[in-house]
Protein chains: 2
Amino acid sequence: MTIEERRQREKEQRRTAIVDAAERVFFAKGFDQATVDEIADCAELSKGTLYLYFDGKDDLYRAIIFRALKLLTTAFEKAIARHETGIEKVWAIGTEYVNFYREHPDYFDALIHYHGQKTETFYEHDPLKVLIDVVQEGIADGTIRSGLDPLKTAIILWGQTTGLLQIAFTMCEAIRDAYRVDPEEIISYYFDLTYHNLKAG
Amino acid sequence: MTIEERRQREKEQRRTAIVDAAERVFFAKGFDQATVDEIADCAELSKGTLYLYFDGKDDLYRAIIFRALKLLTTAFEKAIARHETGIEKVWAIGTEYVNFYREHPDYFDALIHYHGQKTETFYEHDPLKVLIDVVQEGIADGTIRSGLDPLKTAIILWGQTTGLLQIAFTMCEAIRDAYRVDPEEIISYYFDLTYHNLKAG
DNA sequence: TTCATTTAATGACTATTGGTCATTAAATAT
DNA sequence: ATATTTAATGACCAATAGTCATTAAATGAA
């Protein structure tokens with residue numbers, strides 16, 4: 001049984017090494033310009049081997065998305081653990097989302113640019129789930145306006161924040177040039193607006 | 001001079017016919033699965049001719065994005081013309097955005113999935129410009145909270161609304177399945193929340 | 001140790017396709 | 001009628017995603 005276990009472990013390591021290589025190539029060149037051959041070279045494996053571990057180029061990218069979601073979800077969980085009230089936790093998630101872009105811009109862009117099949121979802125690590133719990137907590141502890149529907153509110157917060165960060169970060173220079181506004185300022189303005197719209201009292 | 005004019009006109013028509021064909025193929029198959037050869041067949045032209053009118057596959061897609069932006073901007077302009085106050089016009093733009101998805105889901109998806117070069121912008125038809133003007137108008141006529149920064153507010157509205165519609169529409173079934181909420185309800189809930197956050201008094 | 005069997009890895013090969021360009025056809029001017 | 005300019009063609013090339021028959025390595029049995 002030890003042999004079988006070791007084999008499984010080695011398979012997992014090889015898989016991880018392939019995703020590492022895919023990340024380097026995809027992040028350096030973008031999805032279209034990256035080639036499977038280059039990823040194979042980078043992993044010091046033949047192309048055929050890559051196809052033993054993954055279904056193809058798309059599947060390699062999906063593995064990166066999975067990593068990104070896991071990292072983001074974990075970051076959210078750590079961030080909320082540092083706070084007491086529901087609304088503080090919601091704020092912490094927002095801050096952490098911005099922070100995630102700063103520390104992992106490639107993962108952020110990958111998430112933004114990824115459009116999987118309509119039916120496809122990554123339930124295992126879902127940042128939205130964390131947010132839903134926290135909004136519910138805030139309504140329960142009275143720090144978020146009662147009367148708000150927690151589920152709808154959380155989904156709205158998630159969608160709108162993602163949308164704003166997307167245009168703020170991907171069109172950063174364009175916004176500065178065209179409208180003479182600092183995207184950073186827009187984001188903190190948004191946080192204030194939203195905070196006051198959520199908080200109780 | 002008449003001959004030259006006619007030639008120009010015919011060039012324009014051919015260009016339009018090519019974009020029509022590109023639209024049919026891209027919308028039926030998606031960007032990756034669509035082939036330039038098929039678009040050429042669909043336009044009843046040789047592939048070489050397509051490359052006389054466009055720089056390549058990306059450029060064909062960009063032409064569709066241009067159309068989509070033009071259509072959306074025009075729809076916004078028509079929508080605001082039917083209302084008097086600033087806040088009503090903001091609401092009208094929101095409604096029109098949803099309506100745009102219903103009437104032209106393919107254009108909506110194309111806009112959502114399109115990620116051009118960082119520097120690239122389509123100034124000619126910019127829906128955000130319309131929104132900025134209208135927010136300014138609402139602050140001037142007192143129907144939108146004074147004290148709001150019109151430019152930042154408009155950019156925030158644009159980004160967050162786009163983000164919410166994106167997840168609401170592209171993850172429609174997933175949201176319904178996972179959370180048992182109707183995306184339509186979420187959107188109208190969002191509109192109400194945002195309206196009350198904007199309106200004066 | 002030796003040989004058979006299972007498992008893992010390879011890279012030459014194929015099919016597809018984005019893009020090019022020398023050639024042909026058509027329109028226009030002389 | 002002929003020359004010249006403009007438009008269109010499709011055979012061709014290069015790049016590359018994905019396959020598969022072959023080889024190599026690891027494991028187990030004798």
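No experiment lies behind these values; they were computed from the predicted model shown. Naming convention: chains lettered A, B, ... in sequence-line order (proteins, then strands); numbering from 1 in each chain.
Using bins of under 30°, 30° to 60° and over 60° for the plane-to-plane angle, the ring pair W158(A)/F76(A) lands in the perpendicular bin. Under the 30°/60° scheme for interplanar angles, the aromatic rings of Y101(A) and F169(A) are found to lie parallel.
In this entry the distance linking CD of E12(B) with P of dA7(D) reads 13 Å, nearest Å. The nearest whole Å value for the distance from the CD atom in E10(A) to the P atom in dA26(D) is 9 Å. Whole-Å rounding puts the Q8(A) CD to dT7(C) C1' distance at 12 Å. What separates CZ of R15(A) from P of dA8(C) is a distance of 15 Å, to the nearest Å. I18(A) has its CD1 atom 13 Å from the P atom of dA8(C), to the nearest Å. At whole-Å resolution of the value, NZ in K57(B) and P in dT17(C) are 9 Å apart. For D58(A) and dA17(D), the CG to P distance is 10 Å, given to the nearest whole Å. Taking atom CZ of R9(B) as the reference point, atom P of dA7(D) lies 15 Å away to the nearest angstrom.
With a 6.0 Å radius and a threshold of 12 heavy atoms from other residues, nucleotides or ligands, F66(A) has its CZ atom above the threshold.
Residues forming a salt bridge (charged side-chain N to carboxylate O under 4.0 Å, His left out) with E77(B) (at least two apart in sequence, or on another chain): none. Listed by chain and residue number, nothing satisfies the ring-ring contact (aromatic ring centres under 6.0 Å, His included) test with Y114(A) (two or more places apart in sequence, or in another chain).
A sub-4.0 Å separation between OP1 or OP2 of dA8(D) and a side-chain N or O of T49(B) is absent. Taking 4.0 angstrom as the limit, Y53(B) places a side-chain polar atom (N or O) nearer than this to OP1 or OP2 of dA8(D). The phosphate of dA12(C) (OP1 or OP2) has no side-chain N or O of K47(A) nearer than 4.0 angstrom. Residue R14(A) places at least one side-chain N or O closer than 4.0 Å to OP1 or OP2 of dA9(C).
Within 4.0 Å (heavy atoms only), L52(A) reaches at least one base atom of the nucleic acid. Across all strands, G56(B) comes closer than 4.0 Å only to sugar-phosphate atoms, never to a base (heavy-atom distances).
Closest contact between the side chain of R7(B) and the listed nucleotides dT28(C), dT10(C), dA8(D) involves dT28(C). Closest contact between the side chain of K11(B) and the listed nucleotides dG18(C), dA7(D), dT10(C) involves dA7(D). Comparing dT10(C), dT19(D), dA8(D) against the side chain of Y51(A) picks out dT19(D) as the nearest.
For T35(B) and D37(B), the side-chain atoms include no donor-acceptor pair closer than 3.5 Å.
Between K89(A) and E96(A) no salt bridge is recorded (no basic side-chain N to carboxylate O distance below 4.0 Å).
Near DNA chain C, meaning a heavy atom under 4.0 Å from it, residues 24-43 of chain B has A34(B), T35(B), V36(B) in order of number.
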